[in-house]
Number of protein chains: 2
Amino acid sequence: MQLKKYTDYGLRILMYLASRNDNKLTTIREICDVFDLSANHVNKVVHHLGQLELITTKRGKNGGFSLSKTPSEIHLDYVIRQLEGDEPWIDCYSSYCVAVPACKLRGLILRGKEEFYQYLHDYTVADLMTGSGAELATIFRQRLASAEA
Amino acid sequence: MQLKKYTDYGLRILMYLASRNDNKLTTIREICDVFDLSANHVNKVVHHLGQLELITTKRGKNGGFSLSKTPSEIHLDYVIRQLEGDEPWIDCYSSYCVAVPACKLRGLILRGKEEFYQYLHDYTVADLMTGSGAELATIFRQRLASAEA
DNA sequence: ATTAAAGATACATTAATAATACGACTTATA
DNA sequence: TATAAGTCGTATTATTAATGTATCTTTAAT
């Protein structure tokens, strides 16, 4: 019972973009440098975030991506649901269980899952950062500088 | 993001035991017949449930196991937490992330997880069965009869 | 036009972990 | 004392997440 690293990476990318208050585009390369992740994997997550229209991507030279909404408009439940995939947390049908017709387990787990997401709905990417986000921005800047050195 | 089948099996076993209103012991063999599961796996889950003192096991000839509490005393959050393992749903430490010191993600996911379990705390094994549980008992009886045939 | 930078996409491989199987041991009782 | 039943450790298999490789497309600078 764990969120995928894929989802984790997605959240970090959004956090990174939110920490930048300039209007410059960020590249996959930059993300890799800061978080020390493989370009291949980041690639996929960035693409996914683009398809979800959470970020706007621009191909070609001097391309990159940036948030397409303000950080406080990006609700965590949505991001996690989409990146994680919204399958039921228990699969009572494919591995068929004789009890299914008279069992309320599935429904309860579904509701419990919704409680999890409902809680996260009240928080956004802006809420991920302590204080103003300046602390995080500093960490990122330093990390980028030392990676480029 | 899925509960383990292991946890699922545990819940089914408890449900099965709850559906029996006689005082007879149930055997691993019987569980396997009813749910069509491998004995080896059920073995481990039964053992685990015994260690959690949710069931009382009796070795030797004519042995078996039965619930050590009434179904309405067994809260689902406890069962799932124990069988599933109570690790954080996101691991920000072992795969170290530079953002950690200034990031509130971990705390939010932890709280969200608690919301999930808190919801389940209000339900017990007794609540898993529709109505009086008679329907489920019938299903199990039929399944057992046809497996033994 | 050409070239280099950047994301898009498909496919292959590796690593992690859940699921299952096997086998030996212990306990209890008919 | 034979046998049924749970206990427990280890090994194997299957599934899926994670990562890697390669190629394509787009875009802007030169």
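Throughout, protein chains are lettered first and strands after them, A, B, ... in sequence-line order, and every chain is numbered starting at 1. All values below were derived from every heavy atom in this structure, side-chain atoms included, with hydrogens, water molecules and symmetry-related copies excluded.
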Without placing hydrogens or testing angles, list every side-chain donor-acceptor pair under 3.5 Å for residues 49-68 of chain B, not counting sequence neighbours.
{"unit_1": "B:S68", "atom_1": "OG", "unit_2": "B:E53", "atom_2": "O", "d": "2.7"}
{"unit_1": "B:S68", "atom_1": "OG", "unit_2": "B:L54", "atom_2": "O", "d": "2.9"}
{"unit_1": "B:S68", "atom_1": "OG", "unit_2": "B:I55", "atom_2": "N", "d": "3.4"}

Would you mind writing out the side-chain donor-acceptor pairs for residues 7-18 of chain B within the sub-3.5 Å range, not counting sequence neighbours?
{"unit_1": "B:T7", "atom_1": "OG1", "unit_2": "B:E84", "atom_2": "OE1", "d": "2.5"}
{"unit_1": "B:D8", "atom_1": "OD1", "unit_2": "B:R12", "atom_2": "NE", "d": "3.4"}
{"unit_1": "B:D8", "atom_1": "OD2", "unit_2": "B:R12", "atom_2": "NH2", "d": "3.1"}
{"unit_1": "B:Y16", "atom_1": "OH", "unit_2": "B:E30", "atom_2": "OE2", "d": "2.5"}

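Rounded to a whole Å, the CG atom of B:N40 is 10 Å from the P atom of C:dG23. Atom pair B:I55:CD1 and D:dT7:C1' shows a separation of 12 Å (rounding to whole Å applied). What separates CG of A:L49 from P of C:dA8 is a distance of 10 Å, to the nearest Å. For the pair B:N43 CG and D:dC8 P, the interatomic distance rounds to 11 Å; values are reported in whole Å.
Taking only side-chain nitrogens and oxygens, A:S38 comes nearer than 4.0 Å to OP1 or OP2 of D:dG20. A sub-4.0 Å separation between OP1 or OP2 of C:dA6 and a side-chain N or O of A:T57 is absent.
In the displayed structure, A:D22 atom CG is contacted under 6.0 Å by more than 12 heavy atoms of other residues, nucleotides or ligands.
A side-chain N or O of A:H48 and one of A:Y6 form a donor-acceptor pair less than 3.5 Å apart.
When the salt bridge (Lys or Arg N to Asp or Glu O under 4.0 Å) test is applied to B:D33, the partners found at least two apart in sequence or on another chain are B:R29. By the salt bridge (Lys or Arg N to Asp or Glu O under 4.0 Å) test, A:D86 pairs with A:R81, A:K113, sequence neighbours left out.
Under a hydrophobic-cluster definition in which Ile, Leu, Val, Met, Phe, Trp and Tyr are linked whenever side-chain heavy atoms come within less than 4.5 Å, directly or via other members, B:L25 and B:V125 are assigned to different clusters.
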Atom pairs, N/O to N/O, protein against nucleotides 1-4 of chain D, distance under 3.5 Å?
{"unit_1": "D:dA4", "atom_1": "N3", "unit_2": "B:K61", "atom_2": "N", "d": "3.4"}

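Note on A:T56: nothing from the nucleic acid sits closer than 4.0 angstrom, heavy atoms only. Nucleic acid contact class of A:G64 (heavy atoms, under 4.0 Å, all strands): sugar-phosphate only.
Note: A:W89 and A:Y117 have tilted aromatic rings, judged against thresholds of 30 and 60 degrees for the angle between ring planes.
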**Fill in**
Quick tally for nucleotides 12-19 of chain C: nucleotides whose base has a protein heavy atom under 4.0 Å get B, sugar-phosphate-only ones S, the rest -, giving ------SS
